[in-house]
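Working notes, structure below.
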Amino acid sequence: MKSNIMNVHKISIAIDGPAGAGKSTIAKLIAKTMNLTYIDTGAMYRAITFKILRDHVDLSNEATLIDLLRHTKIDIVNGDILLDNSLITDKLRTPEINQYVSKVAQISVIREKMVELQQHIAMNRSVIMDGRDIGTTVLPNATYKFFITASIEERAQRRYNELCIKGFDQDLLEVQAEIEKRDKLDTERTISPLRKDENAILVDTTGLSIQEVTDKILSYIK
Ligand code: DC
């Protein structure tokens with residue numbers, strides 16, 4: 001579990017797992033409790049997907065994508081996402097982005113750029129970062145690694161509730177099918193697929209409250 005404690009002043013926590021497992025909610029709480037910078041890497045893939053959809057960018061043209069990345073600025077400020085200096089946090093969790101983001105996240109030039117940005121952010125500060133490849137690729141020497149999961153039914157229900165609160169009229173079974181499709185794409189892609197790192201602690205959150213999961217993770221850290 002403790003794969004790197006060379007720098008005692010700086011710690012990094014990697015949280016990976018499938019969609020709807022509760023990673024971001026839990027990571028935010030731990031960040032607050034431990035005074036760490038929280039980095040939602042899924043939001044970064046969502047931000048670039050937002051721009052690709054908005055600007056009708058051709059995903060099959062690598063040169064266009066490289067040019068797009070060169071002219072794209074993604075910043076995380078106090079948990080908010082800024083795309084080219086505009087706040088877009090509220091525009092990232094829509095059914096349309098849910099549908100496309102895993103396809104965008106499969107593309108190597110996009111992953112390379114996002115990983116570079118994520119490693120840069122983590123370089124000089126203590127972070128908790130959530131995503132799919134944090135323990136395996138982005139922070140292979142993270143101080144602590146967790147892999148958070150839950151049953152597909154519970155994950156679908158959580159995402160469904162989240163979308164309802166935002167006013168999106170969705171069908172629960174459709175949400176479940178979309179999550180299953182995304183998990184399959186994320187798990188089966190060639191470059192840094194969703195995978196539990198061998199040193200990560202597995203946490204199944206099925207039937208547990210947010211507080212119970214947070215306490216469980218904090219008990220491993222303390
Ligand atoms: O965590 P999320 O649902 O917001 O992530 C959105 C998508 O981004 C997810 O389906 C896969 C991709 N992703 C990724 O490939 N690697 C990460 N580190 C984070 C997210």
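FYI, the numbering just counts along the sequence from 1. Indexing begins at 1, ligand by ligand and atom by atom, following the structure's order. Worth knowing before you read on, the calculation uses all heavy atoms, side chains too, and leaves out hydrogens, waters and symmetry mates. Everything quoted here is computed from the prediction, not taken from an experiment.
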Tell me the protein heavy atom at minimum distance from [atom], and give that distance in Å.
atom: atom 20 (C) of ligand 1; value: G42 CA, 3.5 Å
atom: atom 18 (N) of ligand 1; value: D133 OD1, 2.8 Å
atom: atom 12 (C) of ligand 1; value: A105 CB, 3.7 Å

Quiz prompt | Matching residue for I13 among L139, I221, V127 - test: side-chain contact (heavy atoms from CB on, under 4.5 Å) | solution =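 The single option meeting the side-chain contact (heavy atoms from CB on, under 4.5 Å) with I13 is I221.
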Practice problem: Using the side-chain contact (heavy atoms from CB on, under 4.5 Å) rule, pick out the option among E188, E180, K181 that qualifies with K184. | Solution: E188
Could you list which atoms of ligand 1 come closer than 4.0 Å to a heavy atom of [X]?
X: D186; value: 9 (C), 10 (O), 11 (C)
X: G131; value: 17 (C), 18 (N), 19 (C)
X: T41; value: 17 (C), 18 (N), 19 (C)
X: V101; value: 6 (C), 7 (C), 8 (O)

Quiz item: Do you know the tightest heavy-atom contact between R125 and I121?
Solution: NE-O, 2.9 Å
Quiz prompt | Among R46, R93, M44, closest by any non-hydrogen atom to atom 3 (O) of ligand 1 | solution = R46
Quiz prompt | Among R189, R132, R159, closest by any non-hydrogen atom to atom 5 (O) of ligand 1 | solution =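 Looking at heavy atoms only, R132 sits closest to atom 5 (O) of ligand 1.
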Does a side-chain heavy-atom distance below 4.5 Å link [X] with [Y]?
X: Q99; Y: I97; answer: no
X: Y38; Y: D130; answer: yes
X: K113; Y: I48; answer: no

Exercise. Compute the minimum heavy-atom distance from R111 to ligand 1 and say whether it is under 4.0 Å.
Key: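 Judged by the 4.0 Å heavy-atom criterion, R111 does count as contacting ligand 1.
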Self-check item: ligand 1 contact by A19, heavy-atom criterion under 4.0 angstrom
Solution: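 For ligand 1, residue contact (heavy atoms, under 4.0 Å) with A19 is absent.
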Self-check item: Basic-acidic side-chain contact under 4.0 Å: D186, R132
Solution: yes
Quiz item: Has ligand 1 got any nitrogen or oxygen that is less than 3.5 angstrom from a nitrogen or oxygen of S102?
Solution: yes
Exercise. Scan side-chain atoms only and decide if R159 and N98 contain a donor-acceptor pair under the 3.5 Å cut-off.
Key: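 Result is no, nothing qualifies.
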Quiz item: For ligand 1, is any non-hydrogen atom under 4.0 Å from R182's backbone (N, CA, C, O), its side chain (CB onward), both, or neither?
Solution: side chain
Self-check item: Distance under 6.0 Å and angle within 45° of ring axis: K166 vs F168
Solution: no
